[in-house]
Amino acid sequence: MSNEQAERSFSPAVLAHFRRPLHAGVLPGGGGLVGTGRAGTVKSGVMVQVQLRVGADGHIDDVAWLAYGCPATLAACSWTAERICGKPLQEVLAVGASDMVHALELAPVHRGRVLVVEDALRAALDAVVDGPNGKTE
Amino acid sequence: MSAETAPIYLDYAATTPLAPEVLEAMLPWMRHQVGFGNPSSSGHAYGREAAAAVEHARRQVAALIAADADGVVFTSGATEADNLAILGAVRFAMARGRGRHVVSSRTEHSAVLGACERLRREGAEITLLQPDRSGRIHVEQVGEALRDDTVLVSIMHANNETGVLQDVAALARLLRPHPAVLHVDAAQSAGRCPIRVRDWGIDLLSISAHKLYGPKGIGALWVRPRPRLRLEPLQYGGGQERGYRPGTLPVHQIVGLGEACRLALQDLTRESARLHTLRARLRGGLEALGSVRIHGDGDMAPHIVSASFPCVHGEALSLELGGLALSAGSACSSARPGPSHVLRAMGLPDSLASSTFRFSIGRWTSAEQVDEAVAAVANALERLQPLSPLAARWRDGEPLDALHEY
């Protein structure tokens with residue numbers, strides 16, 4: 001596939017997030033309640049890790065992600081991190097794969113992959129909401 | 001694609017640009033006034049001139065592979081040559097009850113594997129040998145696979161995905177006392193590596209013009225003329241090419257193949273040495289990046305480096321490497337989704353195979369371009385690895401292959 005073709009198969013929003021991903025990395029230790037969620041496998045082509053830090057006021061203070069995946073997967077992680085950072089938990093609980101598909105204008109072939117991003121986000125939320133005081137990493 | 005934005009072409013194993021000399025040689029045979037004659041029209045000068053041009057090209061092709069000119073059969077390319085060799089030899093033998101067993105390998109080109117698969121449905125038995133992790137088939141493996149009813153052994157010279165060279169001269173020696181014929185797909189090696197059909201004792205050899213700076217749509221199968229090796233043809237018609245491949249000969253294409261072979265032979269030693277040096281530079285540059293696995297070892301064709309980049313997804317890397325024209329993942333067939341059968345046979349995990357790129361260099365590749373390509377890969381990895389959950393674990397000491405088994 002030539003690069004021109006590759007670029008045509010991704011929306012401008014995917015390309016923008018892919019080129020300048022936001023919140024990529026690992027949260028530094030200490031301070032606040034941190035939840036880590038993981039989903040996917042390398043063999044299936046998508047593996048995602050999402051970390052959230054929740055402040056005392058119930059807002060997401062910080063987000064970090066790492067992903068092994070195609071440009072659409074990386075863009076979905078970046079978009080999601082930007083979307084939820086600073087937002088109250090209740091609002092973040094409603095964010096899912098369909099929002100990513102809509103916001104990033106994902107092609108049908110890429111839609112299944114962002115379900116893994118949603119799974120990782122859910123797992124991270126579970127860790128802070130349901131976990132015994134969450135997990136501090 | 002404008003000239004400024006054109007990516008660096010590193011896909012010479014897929015196809016090569018037409019050499020200007022080849023184009024010049026072909027043009028007269030496409031002009032209205034001369035050169036349009038049918039080489040089979042021996043009754044007039046138009047036909048005789050065309051026939052002379054074809055015979056001249058036949059000698060040029062034979063010279064490149066050090067073979068007798070009367071063994072050259074022009075085909076539409078290496079895929080047809082492979083099919084004619086394999087289907088033709090085995091169908092001929094099976095029809096006469098001489099055997100029905102074929103030995104080939106898991107890393108052959110799809111044209112060979114496809115023809116073998118077709119023969120299996122016609123009642124042949126196919127043994128596909130497993131290469132070692134470096135991609136090599138050992139002569140002893142072929143020896144052990146041989147049976148009394150083996151009629152054909154088909155092993156490629158240079159692998160199209162990895163550049164691994166097989167010792168076809170040793171194979172031919174092994175087969176000398178056996179009635180099985182040896183077919184060699186030399187599409188990647190012809191014009192890049194020395195080939196000595198007569199000295200080595202090869203029975204059937206496929207080549208393609210567009211892999212050696214000739215036109216697309218033409219190739220040749222060399223068929224041993226003495227003692228005459230007989231094949232069941234794939235098509236029937238006017239008896240051209242000794243009946244092996246009937247059909248009016250495309251004179252301009254054949255002249256182009258001949259000229260391409262002449263140029264390749266003239267420059268073989270120098271160009272092969274130059275490519276080997278460039279290839280070493282490319283391989284060394286990529287290896288210095290650390291998290292890379294190069295496929296194939298030992299005796300290699302001078303123009304291919306196959307490299308996997310663990311920890312990053314192939315599609316992400318592919319988008320990032322837009323300035324390079326490479327073959328990604330399942331090199332050679334964009335129509336084939338999924339991991340490459342060649343890399344799989346060499347034991348590579350599928351997810352790692354999908355982050356594999358084939359860099360192939362040629363006549364117009366410069367040292368500067370090689371350095372630019374290595375720098376582009378370095379930049380891409382530097383940008384993408386920090387996003388990957390695998391990269392950190394690799395730096396913590398987990399083996400690359402194991403990371404790709406999760």
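As a basis for the values below, the full set of heavy atoms in this structure was taken, side chains included, without hydrogen atoms, waters or symmetry mates. Quick note on labels: first sequence line is chain A, next is B, and so on, each numbered from 1.
Interface remark: of the candidates A/Ala24, A/Cys70, A/Cys77, A/Cys70 forms the most heavy-atom pairs closer than 4.5 Å to chain B. Counting heavy-atom pairs under 4.5 Å between each of B/Leu390, B/Leu317, B/Asp350 and chain A puts B/Leu390 at the top. Among B/Ala325, B/Ser351, B/Pro349, B/Cys311, the residue with the largest count of heavy-atom pairs under 4.5 Å with chain A is B/Ser351.
Atom NE2 of B/His313 is separated from atom OG1 of A/Thr73 by 6.5 Å, given to the nearest 0.5 angstrom. In this structure, the separation between CZ on B/Arg383 and CZ on A/Arg20 is 10.0 Å, given to the nearest 0.5 Å.
With sequence neighbours left out, A/Glu82 forms a side chain to side chain donor-acceptor pair (under 3.5 Å) with no residue at all.
A/Tyr68 and B/Ser354 make their closest contact through OH-OG, 4.4 Å (heavy atoms, listed as atom of the first residue, atom of the second, distance). Taking each heavy atom of B/Leu403 and A/Val42 in turn, the nearest pair found is O-CG2, 3.6 Å. Minimum heavy-atom separation, B/Pro389 to A/Ala67: CD-C, 3.3 Å.
Heavy atoms closer than 4.5 Å to chain A are found in the backbone of B/Pro386, but not in its side chain.
At most 12 heavy atoms of other shown residues, nucleotides or ligands fall within 6.0 angstrom of atom CZ in B/Arg344.
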